[in-house]
Amino acid sequence: GMTLVMLSGGIDLSVGWFVSFVGCAMAYLMVGGLSIPVVVILGIFITILCSGVMGFIISRTKLEPFIVSLGFMIVYQGFTYLITKGSEISIGDTFKLLGRTFPLGIGMPVYVFISLAIFLGLMLKYTKFGRRIYAIGGNAMASRLSGINIKKITLFVFMINGLMAAIAGIYLTARLDSASVNAGTNGELDAIAACVIGGASLMGGIGTVTGAIIGAVVMASIDNGMSLLNAPYFMQTIVKGLVLILAVWFDMSRKASEKR
C-alpha cells in the first residue's frame, strides 16, 4: 500500500497507528458482543471512512501529505488510547483462527500477503489506473494537462493504502491473541524504509511492489539477525534508522545524477 502512495509522490505517516487503531477498534467491538462477520464489515467501513477522509483532504487541498498524515497519526493515536484506556483487549478463540490457520503448513497471512502482492503488482504494471499512478508521481503537471484526474487517483491510492493497513491490523491482532496499543508502533517507518530500500523514490514515479517486498525482507532480516545476536531493542532501532537514512541518501544521489 505504501508503494502506491510513494509512487504517486505522496507519503503516509499514519499507517502504523492506523494498524493499532483498527485492531483495537475491532477487538473492542467483539468484546461488546458483536459477531465476527459484523465486526469485519464495520472494520472495513471504518477503514474506508478514515482513509477516504484523509485522501480527500490531501487530494482536494494544497496541504502536503506529510502534514496531513502526521495529523491523522496523532488522531489515530488518541482514538486508540481512548478505546483501550492504555491496556490490551483480549479476543475470542474464533477470531484467533484468522492468524493461526496453516493450510498446507503455511500460515494464512502468508497466502493473503502473496495474493495482495500479486494483485497490486499486476495492477500497477498492466492497468490504466496503475500507469496513471506512475505518471502522477513522475510529473503531476504533465499528467494534469494530459487529462488524468489526479484528485480521483490520489483519493483511491490513499484508500487502498488504508485498506492494506487495516488487513495488516486484523491479522496482527489475530496472531497476537489481543489488540495492543503498541501493535503498529513504527510501522510507518518500516513500510517507508522497505519501499525506499526496494528502489522506490521519495519524489514519486519510481518503484515496484516486488522491490518493496525485497526491502521488507531486508528490514525483517535486520530485526531477526539482531534478535539472534541478543542486541537490545534500542540498538535495533538505531540500525534501522541508519539504514533508512542511507537508503534515502542513495535515492537522492541517484536523482541528482540523473539531472546531470
Side-chain angles (χ1 to χ4, degrees), residues 1-6 10-31 36 39-55 65-66 68-91 95-96 98-100 107-110 112-113 115-117 120 157-195 209 212-213 215-217 219-220 223 233 236-237 240 244:
M2 185 65 75
T3 303
L4 272 65
V5 172
M6 293 181 67
I11 197 78
D12 187 355
L13 299 179
S14 68
V15 290
W17 276 102
F18 190 61
V19 167
S20 298
F21 169 64
V22 171
C24 291
M26 295 183 68
Y28 179 81
L29 293 173
M30 279 188 287
V31 171
I36 292 178
V39 169
V40 171
I41 293 173
L42 289 175
I44 294 174
F45 173 77
I46 292 172
T47 298
I48 294 175
L49 178 63
C50 294
S51 58
V53 170
M54 184 170 72
F66 180 89
V68 177
S69 61
L70 179 62
F72 270 83
M73 180 186 75
I74 298 172
V75 170
Y76 294 144
Q77 182 179 6
F79 274 117
T80 303
Y81 276 105
L82 176 65
I83 293 170
T84 63
K85 301 297 189 295
S87 59
E88 294 185 352
I89 302 177
S90 299
I91 59 176
F95 191 73
K96 295 177 185 177
L98 287 175
R100 297 195 173 187
M108 182 58 71
V110 176
V112 175
F113 170 74
S115 300
L116 291 173
L120 292 176
V157 162
F158 276 91
M159 290 179 69
I160 292 172
N161 183 49
L163 182 60
M164 297 301 105
I167 293 173
I170 291 171
Y171 278 97
L172 183 60
T173 301
R175 288 192 62 199
L176 295 177
D177 298 341
S178 62
S180 172
V181 172
N182 300 317
T185 301
N186 294 329
E188 65 283 349
L189 299 181
D190 289 339
I192 294 171
C195 293
V209 173
I213 294 173
V217 171
M219 295 298 291
D223 278 338
Y233 177 75
Q236 296 182 31
T237 58
K240 289 166 68 176
L244 176 59

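The residues of the chain are indexed from 1 along the displayed sequence.
- When the options L49, T47, I48 are evaluated for a side chain to side chain contact (heavy atoms under 4.5 Å, CB included) with M159, the one that passes is I48.
- Taking the six-membered ring where tryptophan is involved, the planes of W17 and Y81 are tilted, since the angle between them lies from 30° to 60°.
- Closest approach of I11 and P65 over heavy atoms only: O-CB, 3.6 Å.
- When side chains are defined from C-beta on, L70 counts as touching M73, because their heavy atoms get closer than 4.5 Å.
- Side-chain contact between L120 and T3 is absent, with no heavy-atom pair separated by less than 4.5 Å.
- The OG atom of S69 lies 7.0 Å from the CZ atom of F158; values are rounded to the nearest 0.5 Å.
- The two atoms that bring G162 and F18 nearest to each other are O-CE2, 3.3 Å, heavy atoms only.
- Atom CE of M219 and atom SG of C195 lie 11.0 Å apart (nearest 0.5 Å).
- Considering all non-hydrogen atoms of both residues, Y76 and C50 come closest at OH-CB, 3.3 Å.
- Separating the CE atom in M164 from the CD1 atom in I167 is a distance of 4.0 Å, to the nearest 0.5 Å.
- Contact check for F72 versus V53: side-chain heavy atoms found under the 4.5 Å cut-off.
- Residues I213 and F113 are in side-chain contact: their nearest non-hydrogen atoms beyond the backbone lie under 4.5 Å apart.
- Applying the side chain to side chain contact (heavy atoms under 4.5 Å, CB included) rule to V110 yields the partners I106, I114; only residues at least two apart in sequence or on another chain are considered.
- Residues M2 and D12 are in side-chain contact: their nearest non-hydrogen atoms beyond the backbone lie under 4.5 Å apart.
- Between T80 and C24, the shortest heavy-atom distance links the atoms CG2-SG, 3.8 Å.
- Rounding to the nearest 0.5 Å places CG of N161 at 8.0 Å from CG of L4.
- The closest side-chain heavy-atom distance from V5 to V15 is not below 4.5 Å.
- In this structure, L42 CG and M26 CE are separated by 8.5 Å, a value rounded to the nearest 0.5 Å.
- To the nearest 0.5 Å, the span separating CZ on F79 from CD1 on I83 amounts to 8.0 Å.
- Between A216 and A194, the shortest heavy-atom distance links the atoms N-CB, 3.5 Å.
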